[in-house]
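Remember, it's 1-based here, ligands and their atoms both numbered in the order they're listed. All values below were derived from every heavy atom in this structure, side-chain atoms included, with hydrogens, water molecules and symmetry-related copies excluded. Positions are given from 1 along the sequence.
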Amino acid sequence: MNSKTDIRALTKEQLRDFFVNNGDKAFRGNQIYEWLWSKSVHNFEDMTNISKSTRQMLDDNFVINNIEVDAMQRSNDGTIKNAIKLHDGKIVESVLIPTESRTTACVSSQVGCSLDCKFCATARLKRMRNLNADEIYDQVVAIDKQSQLYHNRKLTNIVFMGMGEPLMNYNNVIKAIDKITSNEGLGMSAKRITVSTSGVPKLIKKMADDEVRFNLAVSLHSAIDEVRTKIMPFNHRFPLADLREALEYWYSKTKRKITYEYIVWQGINDTKKDVEALVKYCKYVPCKVNLIEYNPIDDGEFQQASRNALNNYISNLEMNDIVVNVRHSRGKDIDAACGQLANKS
Ligand code: SF4
């Protein structure tokens, strides 16, 4: 591994100071910052309006840690799954999901995951480390390039639903989103970004206090504590009442609706009681529900519920004026669908 400092860990001010301290103008820092972020170069050589001696000086002091698309799989439905190699050789996965109206990047925030949701392939990898802000940003840049190359349009949306629990890597996720939305970065609208969490109450409140402008989704999967704890064991530490309180706080501060992500599994959360609990939970904070089709990661206890069970959820939610969408998974043939990211490629 290279022992030089990763230049992208420096703020713009630090870069400006670096040049001033080395007898150059602060403005040079702005130029380099632009090359590093909005132009996303991965090589000092490519900074064409910078003198050769300055590029050499940068090369002597810094490195640009970058990611590489190590393997790419394309699904019949246009979904692209990438195995992304980080600078230390670790692999995460990012997915490009095209639909008629949008192209969405599903990005990872951790190598493995700190949590242990029983239905999730990533949980089996355990958390190895958090991704740096630049590693998250670079996934978006790589997928935006693929979107333009294979679908002739720029990336429109980003969801933090790849590997990892984004709120357990709070600072880097926020830093990455700042860069993605800044005009000095990709200039994307925060409204097109969704952070999906399993629900860490104090960090949901922190996001509200930090006045973030992106959307919040919560992987709920059950509104009954005993059931949720069985499938998402950390619910024991952060029970539904605490989650509810944090979401009420979020809404009071941001006035933005929550999206609940919800999978219905056979024999786990497919009864009338489960449906009623969800309907009740949905009344606490303005929200909508995405019912997500499940892709079994093996032939174990988690299997997609019957159409009938799903219809029960849909009709009850609708009867109670709760917006519900059914999300069919994409990229199933390449294990790129929700819950399937586990570095199998
Ligand atoms: S569902 Fe999300 S939070 Fe849960 S283990 Fe998988 S990656 Fe982690």
Side-chain angles (χ1 to χ4, degrees), residues 81-84 86 90-95 97 104-131 135-136 139 158-170 172-173 176 193-204 207 215-222 225 227-240 242-243 246-247 258-265 268-269 289-298 300-304 327 329-332 335-345:
K81 180 170 86 165
N82 298 296
I84 302 278
L86 307 174
K90 299 223 168 13
I91 302 276
V92 292
E93 290 177 350
S94 323
V95 184
I97 308 153
T104 303
C106 174
V107 296
S108 293
S109 53
Q110 298 183 308
V111 185
C113 187
S114 338
L115 302 182
D116 53 357
C117 305
K118 298 296 178 207
F119 53 85
C120 172
T122 305
R124 299 180 179 180
L125 299 173
K126 301 293 171 221
R127 189 194 82 94
M128 285 170 252
R129 73 170 172 85
N130 287 338
L131 262 61
E135 291 171 325
I136 297 169
Q139 290 175 70
I158 302 170
V159 292
F160 282 77
M161 282 187 199
M163 295 176 153
E165 163 53 59
L167 298 194
M168 292 300 197
N169 184 15
Y170 189 93
N172 289 328
V173 166
I193 300 175
T194 300
V195 168
S196 176
T197 174
S198 313
V200 188
K202 77 168 191 252
L203 294 173
I204 291 174
M207 280 195 294
N215 302 302
L216 176 63
V218 174
S219 297
L220 192 63
H221 307 312
S222 176
D225 272 318
V227 178
R228 194 165 193 259
T229 301
K230 250 190 228 157
I231 54 182
M232 303 169 88
F234 67 88
N235 184 71
H236 183 63
R237 274 192 292 148
F238 310 125
L240 287 160
D242 294 5
L243 178 60
L247 295 175
I258 316 286
T259 301
Y260 291 125
E261 310 287 354
Y262 201 102
I263 303 174
V264 189
W265 291 284
I268 292 180
N269 57 354
V289 175
N290 283 346
L291 290 178
I292 305 171
E293 185 186 5
Y294 184 62
N295 303 287
I297 49 178
D298 52 29
E301 69 174 308
F302 291 97
Q303 300 299 326
Q304 168 83 36
R327 295 262 183 258
S329 272
R330 311 285 307 264
K332 278 192 267 191
D335 285 343
C338 287
Q340 285 187 329
L341 301 183
N343 291 345
K344 274 202 272 176
S345 52

Between the side chain of Asn290 and the main-chain N/O of Thr259, is any donor-acceptor distance below 3.5 Å?
no
Main chain of Ile292, side chain of Glu261: is a donor-acceptor contact present, judged purely on distance under 3.5 Å?
no
side-chain contact (heavy atoms from CB on, under 4.5 Å) test vs Glu165 passes for just one of Ser219, Cys113, Ser109, namely Cys113
With the threshold set at 4.0 Å, does a side-chain nitrogen-carboxylate oxygen contact exist between Lys90 and Glu135?
no
Students often mix this up, so state it plainly: with edges at 30° and 60°, are the rings of Trp265 and Phe119 parallel, tilted or perpendicular?
tilted
What number of protein N, O or S atoms occur at distances under 2.8 Å from atom 4 (Fe) of ligand 1?
1
Mark up the atoms of ligand 1 that fall under 4.0 Å of a heavy atom belonging to Gly164, in ascending order.
7 (S)
Minimal non-hydrogen separation, Ser198 against Met232, with atom names:
CB-CE, 4.0 Å
